[in-house]
Amino acid sequence: MQAFLKILFLVIVFITSTNFHYPVLESWGFFGHRRINRMAVFTLPTEMIGFYKKHIEFITEHAVDPDKRRYATRHEAVRHYIDIDHWGEQPFEEVPENWIDALAKFTDVYAIDSRGDTAHLFGRNRFSRVEFSLYQNRNPYRNFFQSNILPEYYEDEWNINCDSLNQLLADPIDCQKAFAVDRFSEYGILPYNLQRFYYQLVEAFKQKNQTRILRLSAEIGHYVGDAHVPLHTTENYNGQLTNQVGIHAFWESRLPELYADDTYDFFVGKSQYFENPRQFFWQMVKESHALLDSVLLIEQDLREKFPEDQQMCYEERLGRTTRTQCEAFAKAYHDRMDGMVERRMTAAVHALGCVWYSAWIEAGQPNLDKIRANELSPKERKRLEIEAAEIRKGEEKGRSHEGR
């Protein structure tokens, strides 16, 4: 009990020290993410629901932690979306669903020779003499990438050992320095991040580490929610490319806050086990992206037909006057979409329950009634301290949070 109280104290300190600087509206809003996490608990089987109900307040409140972490690391923002339409007219055929293959395909590799000249060796649409044979047989380059470049992912610069590079090439080159540049991550890595968090949750269940189970369960709920939002799958994420700025918060924050309590049915049935996590997470993205045109075109049509002075209104929110969509305009948009927001939000609830349940099954179905709180490791405690300090600065890193 004493260990649990120590962890709880650290969590409370972290939350109270960071909330002041954080924006009110984010993806699904605080309201939406918390509601998705909370209702997912009730999809769980008897062997799990007792544990999750006991900690339902933690699961609910920490649903928004990933948004806070945008202020702590530049690597966080890209985990919330994937601009899949950036990659062409048939993007799901163009972008590999395997993380290593996707990153390798869209990473440029360069070498600088003794004269100071830079050669572009590998990368998308770049088939130089030295790389053509490697693309005929992907395994050598894939293995090289995994061993020599992937470990550099969180570094500011991706440096490559010239000797290792020349071992890969059929004809060694004059190489004094080699480096790689990531051309992929800035357009979002959401489905890959979901897989990473899922396997971390499986491992936490195996270790019977209550602290990590709760944290990962809460945080993966945030990303599952994001994957169910059509505007998290496009470069036009806030309507900025079609003169519809503000549509992101309109769709995923304003509408749920107006209608979820009174009209949405969150009792979505029991969670189910899935065998293929990669397929499961990518299907979320594909279903969301298929709705994108309707999200944009319906709102665009309403803007043209609705009286302009009746589209935006001022409301009091948390003691502040806020400009937001008028209720009549919001209702018209909500009605025209014919339940889309409710379906995506409740689908997120059920999907999250399936994630928790499948991770527990994969871990061997440990008895959750017998696990107890764990002390934070020195590494975890240090990470929280660093994140809290960065968040207090109020400087968002990576792509802007606007509409995300």
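Basis for what follows: all heavy atoms, side chains included, without hydrogens, waters or symmetry-related copies.
Electrostatic pairing of Glu97 and Arg278 does not count as a salt bridge here, judged by no charged N lying under 4.0 Å from a carboxylate O. Checked for salt-bridge contact, Arg303 and Glu299 meet the test: a charged N lies under 4.0 Å from a carboxylate O.
Looking at Glu316 and Thr321, their side chains do bring a donor and an acceptor atom within 3.5 Å of each other. In summary, the side chains of Arg142 and Asn98 do present a donor paired with an acceptor at a separation below 3.5 Å, with no hydrogens or angles considered. No hydrogens or angles considered: nothing links the side chains of Thr107 and Arg183 as a donor-acceptor pair under 3.5 Å. A donor-acceptor pair shorter than 3.5 Å cannot be found between the side chains of His222 and Asp65. Counted by atom type alone, Gln300 and Glu304 present zero donor-acceptor pairs between their side chains at under 3.5 Å. Between Arg38 and Thr60, the side chains place a donor N or O and an acceptor N or O closer than 3.5 Å (distance only, hydrogens not considered). Side-chain contact, Asp265 with Thr346: no donor N or O sits under 3.5 Å from an acceptor N or O. At a cut-off of 3.5 Å, with distance as the only test, a side-chain donor of Gln207 or Glu203 sits close to an acceptor on the other residue. Side chain to side chain, Arg196 and Asn193 meet the donor-acceptor criterion of an N or O pair below 3.5 Å.
Taking the six-membered ring where the residue is Trp, Phe58 and His62 present parallel rings, their angle staying beneath 30° rather than reaching 60°. The aromatic rings of Phe274 and Phe280 lie parallel to each other, their planes meeting at an angle below 30°, with 60° marking the opposite boundary. In this structure, Tyr187 and His86 have parallel ring planes: the angle between them is below the 30° cut-off, well short of the 60° mark. In this structure, Tyr237 and His248 have perpendicular ring planes: the angle between them is above 60°, well past the 30° mark. Relative ring orientation between Tyr192 and Phe184 is described as perpendicular, the plane-to-plane angle rising above 60° on a 0-90° scale split at 30° and 60°.
Residues His55 and Gln210 share a closest heavy-atom pair of CE1-NE2, 3.5 Å. Contact detail for Tyr71 and Asp67: the closest heavy-atom pair is CD1-O, 4.2 Å. Residues Leu194 and Ala227 come closest through the heavy atom pair CD1-CB, 4.0 Å. Closest heavy-atom contact between Leu201 and Trp356: CD2-CD1, 3.9 Å.
For the pair Asp261 and Phe31, the minimum side-chain heavy-atom distance is below 4.5 Å. Looking only at side-chain heavy atoms (C-beta outward), Leu368 and Trp360 come within less than 4.5 Å of each other. Residues Glu362 and Phe205 are not in side-chain contact: their nearest non-hydrogen atoms beyond the backbone lie 4.5 Å or more apart. Trp158 has its side chain out of reach of Asp108: every pair of non-hydrogen atoms, C-beta onward, lies at least 4.5 Å apart. Side-chain contact between His350 and Cys354 is present, with at least one heavy-atom pair separated by less than 4.5 Å. Using a 4.5 Å heavy-atom cutoff, the side chains of Pro230 and Trp251 are in contact. Using a 4.5 Å heavy-atom threshold, the side chains of Glu152 and Glu157 count as separate.
Remark: Leu214 CG to Ile371 CD1 distance equals 7.0 Å, nearest 0.5 Å. Atom CG of residue Leu296 and atom OG1 of residue Thr234 lie 7.0 Å apart, to the nearest 0.5 angstrom.
Not counting sequence neighbours, Tyr357 has no partner by the ring pair (Phe, Tyr, Trp, His ring centres under 6.0 Å) test.
Judged by distance alone, with hydrogens and angles left aside, the side-chain atoms of Asp182 form a donor-acceptor pair with the main-chain N or O of Ser185 at under 3.5 Å. Checked by atom type and distance alone, the side chain of Asn159 never pairs as donor or acceptor with a backbone atom of Phe179 at under 3.5 Å.
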